[in-house]
Participant: 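I'd like to ask some things about the structure below.
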Amino acid sequence: MLLDYFKLLPALSLSLDILERRNFGHARKVAYVAIRLAKNLNIKRDEEYKIFYSAFLHDIGKSDAYEDFTSNDTWMHSLRGSDMVKDMPRGYEFCEIIKYHHENWDGSGYFHINGDSIPFEAQIIYLADQFDVKYNTVSVIMNEYGTRKHIEKWLNDESGKSFNPIIVNALKDLMKQEKFWLDYEHYDTFDVLRPYISNETMIVDIDDLSKIARLFSNIIDNKSHFTYKHSKGISEIAYKAALISGYDEMMAKKVKIAGLLHDLGKLAIPNEILDKPDKLTEEEFMIIKSHTYYTKKILMEIGGIDDIAEWAANHHEKLDGSGYPEGLTGEDLDEISRLMAVCDIYQALTEDRTYRKGVSHIEAIDAIYKLVKQNKIDGKSLEIIREIQKVNN
């Protein structure tokens, strides 16, 4: 299995955008502005990809993509993100760019480096990032003409302070093109981005994808104190279950990735709902159910991993059609989708949550068996979980 980083990172960046439901598409818009700047500044073609992919990852270290450039704690997510991407394929090429992508040209940033001491790629990402933040702040209170004029004045004010004057001039030059603004507004279309990076594709294999999935599972699980091991736990159980079921190593790795990413859509769920100690209201449960929809939407956009996307998103479907988000029935659910559902329930039952302590293995099995009797959960999958526990003991 080979995947293109070009499709993978933009898709996964959506999960970061929905984390606080603000400035949707932020990473894609930053990538567009950054790559346009890179070309306007005549960056070497074999170096452009660093800027392009760093743009998608620049905010991976924080939970809120919407942040003003005058904030005093921007360095925290920059440093955290720099450490995180080191575990990604070729992440060592992006880590310094991400680390310094909030440094001010005049040296007033956290790391107190200035001018040409700041990696040039980081300077480009910084301006592209803050351009998008500024646009989204101003455009809600001004018309398009007023927004553009305001941004032009802002750039003039910050040139030589926050931003490299050379890069500011390059952006002002781009802003004279109506195409720049129209493409920026249509950031969600791959056709807008593809011409600028067509010769710089990076291919990842199953092991690379596993590394990326582990990174994003950490982001998912760290969203809530009570689910900090959930995705990892399911991935391990599902991997062992796939091997016991007779699948080969490649298929088992794909199942493990599905486990790591199955709750990707939970980044869209407010923490006050995820961590609520009391029973959820009908409205809150309605919001919770949307997470599987987002999981599938994000993973399907990658292309080439539709099977993983299905397995990940189907973990709350039931054999009798009472599950969500699609109300699928047993006829629609393959063996691995059924297995993922049991793994998810087992892991959830045995974990501590805000409103209860985790139950024992025997209690979890008994609870799932009741669902089997109600034709909601697959009995064969439950037996596989039993077998795993026998091996572990």
Side-chain angles (χ1 to χ4, degrees), residues 22-23 26-27 29-44 47-48 50-85 93-139 141-142 146-176 180 184:
R22 296 180 180 178
N23 203 2
H26 175 68
K29 290 182 285 185
V30 172
Y32 170 72
V33 176
I35 197 64
R36 289 297 309 271
L37 282 171
K39 290 190 175 296
N40 218 32
L41 292 162
N42 296 315
I43 301 295
K44 293 180 181 178
E47 294 292 317
E48 288 177 352
K50 293 181 183 179
I51 294 171
F52 191 67
Y53 293 121
S54 294
F56 286 114
L57 297 169
H58 75 282
D59 276 340
I60 197 170
K62 66 175 182 177
S63 62
D64 186 354
Y66 195 86
E67 182 173 57
D68 187 78
F69 77 99
T70 60
S71 175
N72 293 321
D73 60 359
T74 53
W75 66 272
M76 296 178 65
H77 84 267
S78 302
L79 187 59
R80 189 183 306 115
S82 175
D83 289 336
M84 292 171 70
V85 299
E93 299 183 60
F94 314 137
C95 62
E96 291 298 290
I97 299 172
I98 292 172
K99 180 178 180 179
Y100 296 114
H101 84 273
H102 270 289
E103 285 304 288
N104 293 325
W105 177 254
D106 62 6
S108 61
Y110 175 80
F111 296 102
H112 300 297
I113 58 175
N114 68 307
D116 293 332
S117 299
I118 306 169
F120 194 61
E121 300 93 339
Q123 296 176 38
I124 292 175
I125 297 295
Y126 185 29
L127 181 52
D129 172 54
Q130 295 307 308
F131 170 86
D132 183 55
V133 170
K134 180 61 69 173
Y135 183 91
N136 280 276
T137 302
V138 176
S139 62
I141 57 176
M142 293 184 180
T147 297
R148 295 186 189 185
K149 285 297 182 182
H150 183 93
I151 289 177
E152 184 176 359
K153 181 181 183 304
W154 166 72
L155 288 172
N156 289 333
D157 291 342
E158 294 300 324
S159 181
K161 298 176 183 178
S162 296
F163 311 123
N164 183 340
I166 294 175
I167 304 177
V168 169
N169 288 335
L171 180 54
K172 288 168 65 178
D173 186 50
L174 283 173
M175 287 165 55
K176 296 174 184 177
F180 168 79
Y184 169 72

Participant: What heavy-atom pair brings Val133 and Thr137 nearest, and what distance separates the two atoms?
Facilitator: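 Shortest heavy-atom contact: O-OG1, 2.8 Å.
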Participant: Throw together a table of side-chain donor-acceptor distances under 3.5 angstrom for residues 167-176, partners on residues two or more places apart or in other chains.
Facilitator:
{"unit_1": "Asn169", "atom_1": "ND2", "unit_2": "Pro165", "atom_2": "O", "d": "3.3"}
{"unit_1": "Lys172", "atom_1": "NZ", "unit_2": "Asn156", "atom_2": "OD1", "d": "2.7"}
{"unit_1": "Asp173", "atom_1": "OD2", "unit_2": "Asn40", "atom_2": "ND2", "d": "3.4"}

Participant: Do you know the tightest heavy-atom contact between Gly81 and Ile60?
Facilitator: CA-CG2, 3.7 Å
Participant: Who are the side-chain contact (heavy atoms from CB on, under 4.5 Å) partners of Ser139, not counting sequence neighbours?
Facilitator: Tyr135, Thr147
Participant: Would a line drawn from the ring center of Tyr126 to the ring center of Phe163 be shorter than 6.0 Å?
Facilitator: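 Centroid separation for Tyr126 and Phe163: below 6.0 Å.
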Participant: Check Ala31 against Ala55 and note the closest heavy-atom contact, atom names and distance.
Facilitator: CA-CB, 3.4 Å
Participant: Do His58 and His102 have ring centres separated by under 6.0 Å?
Facilitator: no
Participant: Of His101, His26, Lys29, which is the lone residue that meets side chain to side chain donor-acceptor pair (under 3.5 Å) with Asp129?
Facilitator: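 Per the side chain to side chain donor-acceptor pair (under 3.5 Å) rule, the option paired with Asp129 is His26, out of His101, His26, Lys29.
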Participant: Closest heavy-atom contact between Leu41 and Ile166?
Facilitator: CD2-CG2, 3.9 Å
Participant: What's the shortest heavy-atom distance between Cys95 and Ser82, and which atoms?
Facilitator: O-OG, 2.8 Å
Participant: In chain order, what residues pass the side chain to side chain donor-acceptor pair (under 3.5 Å) check against Glu121, with sequence neighbours excluded?
Facilitator: none
Participant: Using the test ring-ring contact (aromatic ring centres under 6.0 Å, His included), find all partners of Tyr100 that sit at least two apart in sequence or belong to another chain.
Facilitator: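 If we apply the ring-ring contact (aromatic ring centres under 6.0 Å, His included) test to Tyr100, skipping adjacent residues, the hits are Phe111.
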Participant: Could you work out, with salt bridge (Lys or Arg N to Asp or Glu O under 4.0 Å) as the rule, every residue matching Asp116, not counting sequence neighbours?
Facilitator: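 So Asp116 forms no salt bridge (Lys or Arg N to Asp or Glu O under 4.0 Å) with any residue.
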Participant: With sequence neighbours left out, write down each residue that passes salt bridge (Lys or Arg N to Asp or Glu O under 4.0 Å) with Lys50, or none if nothing qualifies.
Facilitator: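 Scan of Lys50 (salt bridge (Lys or Arg N to Asp or Glu O under 4.0 Å), adjacent residues dropped) gives Glu47.
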Participant: For the residue pair Met84 and Gly61, what are the closest heavy atoms and their distance?
Facilitator: SD-CA, 3.9 Å
Participant: Tyr184 vs Phe180 aromatic rings, parallel, tilted or perpendicular, using cut-offs 30° and 60°?
Facilitator: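 If you compare the ring of Tyr184 with that of Phe180, the planes turn out parallel.
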Participant: Any side-chain heavy atom of Met76 within less than 4.5 Å of one from Tyr110?
Facilitator: no
Participant: Side chain to side chain contact (heavy atoms under 4.5 Å, CB included) between Asn104 and Asn114: does it pass, once the steps are laid out?
Facilitator: CA-CA 7 Å; Asn104 293 325; Asn114 68 307; over 6 Å; no
